[in-house]
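Whatever order the structure lists ligands and atoms in, that order sets their numbers, starting from 1. Numbers here simply count residues along the sequence, with the first being 1.
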Amino acid sequence: MRLILIGPPGSGKGTQAKLLCERLGLVHVSTGDTLRDAVEKATQEGRQAHVFMSAGQLVPDDLVNEIVRARFAGHDKPGKFIMDGYPRTLAQAITFDQVLREQALGLHAVVSLEVADDEIVRRLGQRWTCPNPACKAVYHATFKPPKAAGKCDLCGTELVQREDDQPDTIRNRLQVFHALHDDILRHYQKQGLLRNVPGSGEIETIYAGIVKALGLR
Ligand code: AMP
């Protein structure tokens with residue numbers, strides 16, 4: 001199965017993508033993770049991207065498209081995958097169509113997780129992340145707190161709040177998201193691929209909604 005998962009920042013895309021990968025055997029392709037790695041390693045790409053990421057802005061299309069093109073051109077290109085955080089602009093969606101055509105890979109569906117802005121601001125303000133690059137576990141102060149306060153359950157590293165999860169940056173990210181979202185939805189609706197799924201409530205309830213929308217249950 002080849003899927004795109006779209007939704008506002010903090011809609012739980014990452015959590016659902018992880019579950020779908022584990023349970024359906026898909027490869028998780030996250031441009032946000034790739035970019036954060038590049039920032040951490042201070043590569044040229046990372047240095048370019050950091051300016052935009054820390055301000056809650058999108059990284060330029062060319063840079064992100066190049067990352068995705070490279071991912072799908074390598075010998076280990078994924079045949080079954082879920083895209084998390086890409087495409088985020090119509091230009092990226094058009095490029096991705098082309099990349100998939102070149103690789104003779106058809107998309108099965110585009111799942112859009114729907115969550116209201118107020119809930120997003122509440123959720124992201126409570127999100128804590130493990131900064132260990134080998135772990136990257138994500139917690140929520142209310143819904144998924146770590147067992148020991150401030151420490152990662154999996155590796156014991158001190159949890160941090162992502163630079164782009166600060167309240168002002170969240171509002172910026174939501175503005176950017178809404179300005180671009182409708183075009184992307186229309187693009188995939190025209191192709192008959194769009195599936196809208198409510199993104200509020202328990203993690204397993206949302207997962208069940210996705211599975212049902214995909215016609216798997
Ligand atoms: P994410 O973890 O997907 O929320 O991404 C974190 C940040 O990385 C975003 O706020 C953007 O600055 C950047 N980013 C990730 N994916 C993309 C993309 N497809 N296009 C542009 N910027 C991106």
Side-chain angles (χ1 to χ4, degrees), residues 3-18 20-21 27-72 81-100 107 110-113 115 117 119-121 123-133 135-140 159-181 183-185 187-188 199:
L3 303 175
I4 295 176
L5 193 53
I6 52 181
S11 57
K13 279 194 313 286
T15 304
Q16 294 298 331
K18 208 162 163 252
L20 286 158
C21 288
V27 176
H28 184 198
V29 181
S30 156
T31 43
D33 281 354
T34 308
L35 287 166
R36 274 185 290 279
D37 270 0
V39 168
E40 202 161 310
K41 290 180 186 140
T43 62
Q44 198 193 340
E45 261 173 7
R47 284 196 301 271
Q48 267 178 282
H50 184 242
V51 185
F52 299 95
M53 292 171 76
S54 57
Q57 290 168 358
L58 289 187
V59 169
D61 286 339
D62 286 354
L63 208 162
V64 185
N65 283 336
E66 212 29 65
I67 288 175
V68 171
R69 228 177 234 294
R71 184 74 182 84
F72 281 86
F81 58 80
I82 183 153
M83 301 303 294
D84 169 9
Y86 180 96
R88 265 182 160 95
T89 65
L90 185 59
Q92 290 179 17
I94 291 168
T95 299
F96 194 46
D97 284 352
Q98 198 184 338
V99 168
L100 293 178
L107 274 179
V110 175
V111 174
S112 170
L113 282 182
V115 185
D117 282 6
E119 191 175 336
I120 296 290
V121 174
R123 280 191 197 180
L124 285 186
Q126 296 206 64
R127 180 157 84 171
W128 291 83
T129 311
C130 175
N132 173 0
C135 179
K136 296 186 196 148
V138 180
Y139 298 87
H140 185 281
L159 299 176
V160 296
Q161 202 159 30
R162 263 169 50 178
E163 200 176 14
D164 56 355
D165 280 345
Q166 312 296 328
D168 282 351
T169 319
I170 295 171
R171 271 184 279 279
N172 254 338
R173 290 166 72 195
L174 279 171
Q175 259 177 12
V176 171
F177 173 78
H178 287 303
L180 300 165
H181 188 57
D183 283 347
I184 299 178
L185 293 188
H187 178 77
Y188 289 117

- Task: Apply ring pair (Phe, Tyr, Trp, His ring centres under 6.0 Å) to Phe177 and list each qualifying residue two or more places apart in sequence or on a separate chain.
- Result: His181
- Query: Between CD of Gln48 and CG of Leu35, what distance do you get to the nearest 0.5 Å?
  - Reply: 10.5 Å
- Task: Mind checking ring pair (Phe, Tyr, Trp, His ring centres under 6.0 Å) for His50 and listing every partner two or more places apart, or none if nothing turns up?
- Result: none
- Task: Below 4.0 Å from any atom of ligand 1, which residues have a heavy atom? Give them in chain and number order, please.
- Result: Thr31, Gly32, Leu35, Arg36, Met53, Gln57, Leu58, Val59, Val64, Gly85, Tyr86, Arg88, Gln92, Arg162, Asp164, Arg173
- Query: Distance from Arg71 atom CZ to Thr34 atom OG1, nearest 0.5 Å?
  - Reply: 8.0 Å
Which donor-acceptor pairs under 3.5 Å do the side chains of residues 89-100 make with protein atoms, sequence neighbours left out?
| unit_1 | atom_1 | unit_2 | atom_2 | d |
| --- | --- | --- | --- | --- |
| Thr89 | OG1 | Asp61 | OD1 | 3.0 |
| Thr89 | OG1 | Asp61 | OD2 | 3.4 |
| Thr89 | OG1 | Gln92 | N | 3.0 |
| Gln92 | OE1 | Arg88 | N | 2.8 |
| Gln92 | NE2 | Asp61 | OD1 | 3.0 |
| Thr95 | OG1 | Asn65 | ND2 | 3.3 |
| Thr95 | OG1 | Ala91 | O | 3.0 |
| Asp97 | OD2 | His187 | NE2 | 2.8 |
| Asp97 | OD2 | Gln191 | NE2 | 3.2 |

- Distance in Å, Met83 CE paired with Thr31 OG1, rounded so as to fall on 0.5 Å steps: 6.5 Å
